[in-house]
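Worksheet: the structure to be examined is printed underneath.
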Amino acid sequence: MSCKKIGFITGLGILVFAFMVTGSMAANRDFDKADTIRIGSLGPVLLVPGIGIHNAAKMAVEEINAAGGIHGKKVELFIGDTEGKPEKGITALKKLVLEDKVDVLVGCYSSGVALALQPYLPRYKIVYIATGTASIALTNNVKKNYKKYKYFFRDMINSDIRQQKWAAKFLKEFVNGQLGYTKFAILAENTKWVHKYAPNLRKDLEDAGLKVTFYEMFDIDIKDFSPTFVKIKSTGAQWIGQIVSHAASIPLVKAWQDTKAAPMGLCNVASMDSKFWEMTGGKCLGEITYNFIARAPLTDKTIPMWDKYVKKYGTNPVYTTGFTYDSVYMLTEIIKQKKSLKSDDIINGLENISYYGVLHPQIGFDKKSHDLLKGRYVMPMVQWQAGAKQVVVWPDKFKTGNYVSPTWWKK
Amino acid sequence: MTTFIHILVLGAIWGALYTLIAVGFTLIFGVAGIINLAHGAFYMLGAYLAYTFMTLLKINVPLSALMAVLGTAGIGMLIDRYGIRFMRETHVYVLIITLAFALFFQELLYAVYGPHGKAVKSFVTGEMLLGGVHVSYQKILTFFVAGIMVTLLWLFIKKTKTGKSIDAVAQNREAAVLMGIQPERIYVITMGISAALAAVAGVFIAPILEAVPTMWAFSLFKAFAIVIIGGLGSIQGAIIAGMLLGYSETAVSVLISANYPDMVYLVAIILVLVLRPRGLMGTRAH
Amino acid sequence: MEAILEIKELSKAFGGLEALLNFDMEVRQGDLIGMIGPNGAGKTTVFNLITGFIKPDSGDVWLKGEKTTYLKPFQIVNRGMSRTFQLVDLFKEMTVLENVMVPCFSHRAKQRRHNGKKPWKVAIEFLEEIGLADRFNELAKNLPFGELRLLDIARAMATEPDILLLDEPFSGLDVEDAAVLSQAIQRMHKKGQTMIIIEHRLGDLLKLVESVVVIVFGQKIAEGTPEEIMNNEKVVNAYLGQRRQ
Amino acid sequence: MKPEGLFGPRVLYRRLLGLSIFSAVVLLVPVVFSDPYDLELLFLCHYYVMLACSWDLLTGFTGNVSFGHAFFVGGAGFAGALLNLHLGWGPWLTLPIGGLIAALCGLVVGSFTLRLRGPYFAAVTFCFATLLYKLIMIRYEIFGGEEGLSGIDWLMETSLGNYYFSGILMLAAILFLYLLSKSSFGLILRSIGENEVASEGSGINTTFYKIVAFMISGFIAGVAGAMYGHAQMHVGPEMAHDSLSGLVIIMAVVGGMGSIIGPIIGAYLLTLANESLRFMGEFRLLIYSSAVVAIILFAPKGLLDIITRGFRRIVGQEK
């Protein structure tokens, strides 16, 4: 019987293999022989930043095809679901490259996922513009080992230096300068993109003579934040700088509103989304977060793109939308220009590009680190105000309303 | 001082919630001798049904809460009747089928509602100051509901005929059978009660935290921990250990760091099992 | 002749209850001893104590001149003392043969198997001895109760013990099965197997054994041949008398 | 007279023949399916087979459900990754060392759970894995936290290399576990699972066997974990997460516990089903988990049982 048992297993095994489709692997196809140009879009298909990536990529691809494609070749989009986890991200990347045979990649939410994907790029010789990942470790890798990591570009604002400096500027100029608060609490989630951000922010504040009464990097598994806010309150903090992307934002905001520890405003990725009000039952009233896109004339293209997106998808663009939309255009632009799908040609093109996108009139990449060029970005601070309104309160250049202090807060 | 009061208040609320989740878990073990890994899923179903009725269908709060609890109890009874019954004696099987059910509900809710947290509006708005500490009415309500439910369970078991039958089966199944009690009927009823208690916790936690498809694991681990610390099958043990865990976790997260509360229950389980394997008030030796 | 098992002043209390108090006993090679006493008198406690399943509060057990009081059960088995269980609870999902093979892999059995005989052949021999060889491929859970008892004895025998302890082997058996068991015990006895048997059914026991130990309330109250015991006033009052009423 | 299904050289030979057919299929697959994506998928199958089979040695035989298999996988995965990143040791060193570290973990968990059974055993094994998970999160400066560690050296440069490396490792593990399960060691483990008291009363040092089982199980899971880390060039906290432990349990149970062969079926089937259901989009995992519930409900002894019974019926050997 055992022989049959094993015979059966082999049979089942063979059946199971029949599930799968055969094909052949070809890195860097020949442009002339390609029927269509294939773009892979990576991101968690069910999470807001991922939806922002895939929607933006879809919209850009449709527009490019409507305008005649690349030298008459249509652009095809393939979606890879990273679920926001490194392990799933690797599977998704392998599927896009090995099964769907995409020529270039965009997208990806979460620096941890992008870090896990980076080593695969030289293996498959595929160019990838990351549009939702902020850790500087990614571009530092390019700088340190250009030969290996040259395939990686980042169209997004790094957290370690640029977001951190911007956050420090906001807290110093606005919260301290205009509101007069001097005691700060820093509440940061414990993830890759924050590992330098939070400690450096603390240092900057202290160097400016401000007090940081509370500082904690918390585990993203935490469910109940009340004790944390209680602790913050007991330190006498006047302003809470939250740095949150992956953690449970809804319970965090609820616990904040319930404990009434202090006004809170810095960075909460979930709070950038227009649905956050509804998701928290309005408990985000008064919270501030910076965003990377707003319905403001960042360039001539911004407002038309914003309105078209809202009309098409019924929701506001999120922070990944603008970066992804621009990146898809940049990639097709280069392919069109070089008439090539060879990774070296594309890398060369991207290193020299100066693109007029929806976020900035002169998007370009640093030749050594492949990070965005300095100064070519904006980050408006947006506050949730009564009536589910997202109001830009700082900097004054983009201001659409005044800062409103929470009613329960007495300085 | 405020910090101390905070620990006192928040700890009591969490302790009461944990207790509410854990008593159902320990009850079904005490009566039917099964470890129900789908217990956390009942808690999650309670929260999601509350969300469905209250937020999506806009039904009023008491009715939605009642429907959520009864609905979950019904699901629990169905699982017991059609999933567990015929293999009840094999504890490996029960562990695994209930784990499979828990994962199934996770994926079901994931597919239907997505991975995002769903918020439920507070049943009562507003808050009060307790010794200089803001506590929302929702939390106070949750505390009292948990207390009432546990008391009701106690009264039910000690005073009603069905309750006494449950107690009888828990204490000695053979004797109960001789007295004319049908154990299978008792098991199904107990599973219903156990599921209902978890669902109550879920319904009341939904406005404080959120309803997400992974919430079952968290509550299951806590219930398992409490019941092991308190002693499997002991309701008193579950109450004591539940309150202890609530207080110690809150104290750890307020006084040390929010990163460490989970360490409390993990280390507690290992220590308890190494030092006193029957738990604080265990009724059954391992 | 030298005693192979010596029990000296063995005591054990559970909570406040004295389960066994200053119990002494000696067993010589080839003895077939019966141990009787009313329910809860402490007979099984004696077995549990000397086989290491329970640790005594005081007193000592010497097996072939070696102190085994605080050894673990498997160590005691490997030093030559095996037992059966009152509630027969074997390896139910395993075959009859496999049940008897497990003890063949004990340290003691392995050491005694110098001739390179296959363990399963050894196990079959033990099954033949007890009359279960033809059912070797049956799952243990499918055996009737009487045969389970026999199987448990075969399992204990397979460790090749110097002393075999049988815990109520006759309880729950019908007359036929009891007769089969009696014969098996007598056969083993003739081969020189030392045995202690706990029993409730005095009829079966007193016919079999050469000497009897009586335990009541955790204390040994009498010791002697079956005839002496039957006529011992203390025993009759404490135990047999109650039975006759 | 010869007992069937036991130690007889002819029976063993027949079974080994079956295993060698399976090995031949594993080794020849790339000839037919050379697509790298398929090979990557089959690599995952190999990985899960190693986990499920090693879990089966521990639980399927002793009957105590371990909810902490991820402890070995994560422990060895991270140990291997750290050795590779900081000392530059390659897979040839990190795999066996990862395995040894996991075996050591097995020794620790085994000693803690010696006296425990059923739910208590499950709880402690779970706690160990979760403590490791928490440690990875809290000491992120060492373990990388949520994102884990990336930039680990690859196992083999190509998908084909990964396939063969993992395939051969898997076959070795299966052969070893299978022979072990059919030896006196397997018999004794089963007797411990059935009735530990009687086993001890039969002169068996149950403590020793249980701890050795833990260490062997841990070693194989650890080698698999370190291998996975190298193949993915990344290790993450999900390798120590309870959901991995749960997945391994379900694979082994769906295939059939206590047989070593059953978990192979379970691991292949669930890994491939998970992938081939991808076209179902967001309902993929729902269908997958419903199928798992259905299989456990209707075939509580696993697919292996159904397959063998079905086969016997066809051949007309039904008793």
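Note that these values count all heavy atoms, side chains included, but never hydrogens, waters or copies made by symmetry. Numbers restart at 1 for each chain; the letters A, B, ... are given by sequence-line order, proteins then strands.
If you measure heavy-atom distances from B/T214 to chain A, you find no contacts under 4.5 Å at all. Neither the backbone nor the side chain of B/I5 comes within less than 4.5 Å of any heavy atom in chain A. Neither the backbone nor the side chain of A/L252 comes within less than 4.5 Å of any heavy atom of chain B. If you measure heavy-atom distances from B/Y110 to chain A, the contacts under 4.5 Å come from the side chain alone. Looking at B/P207, only its backbone comes within 4.5 Å of chain A, counting heavy atoms on both sides.
Shown here for B/V254 and A/P227, the closest heavy-atom pair between the two residues is CG2-CB, 3.4 Å. Shortest non-hydrogen contact noted between B/E210 and A/A248 is OE2-CB, 3.6 Å.
Among the candidates A/T280, A/D258, A/D224, the residue making the largest number of heavy-atom pairs closer than 4.5 Å to chain B is A/D224. Interface remark: of the candidates B/I208, B/V120, B/L255, B/I208 forms the most heavy-atom pairs closer than 4.5 Å to chain A. Ranked by heavy-atom pairs under 4.5 Å with chain A, the list B/S136, B/P115, B/G114 is led by B/P115.
Formation of a donor-acceptor pair under 3.5 Å by the A/K254 side chain with backbone atoms of B/L209 is found in this model.
When the shell of 6.0 Å around CD of A/E278 is examined, it contains 12 or fewer heavy atoms from other residues, nucleotides or ligands.
Side-chain contact between B/H116 and A/V48: present, with at least one pair of heavy atoms (C-beta onward) separated by less than 4.5 Å. Inter-residue side-chain proximity for B/K139 and A/S226 is flagged as met; some heavy-atom pair is nearer than 4.5 Å. Counting heavy atoms from C-beta on, the side chains of B/S257 and A/M217 never come closer than 4.5 Å.
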Inset, instruction - Verify side-chain contact (heavy atoms from CB on, under 4.5 Å) between B/N259 and A/I222, making sure each step is shown before the conclusion. - result: CA-CA 7 Å; B/N259 287 330; A/I222 288 173; 4.0 Å; yes
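A donor atom on one side chain and an acceptor atom on the other are not found under 3.5 Å apart for A/K231 and B/S253.
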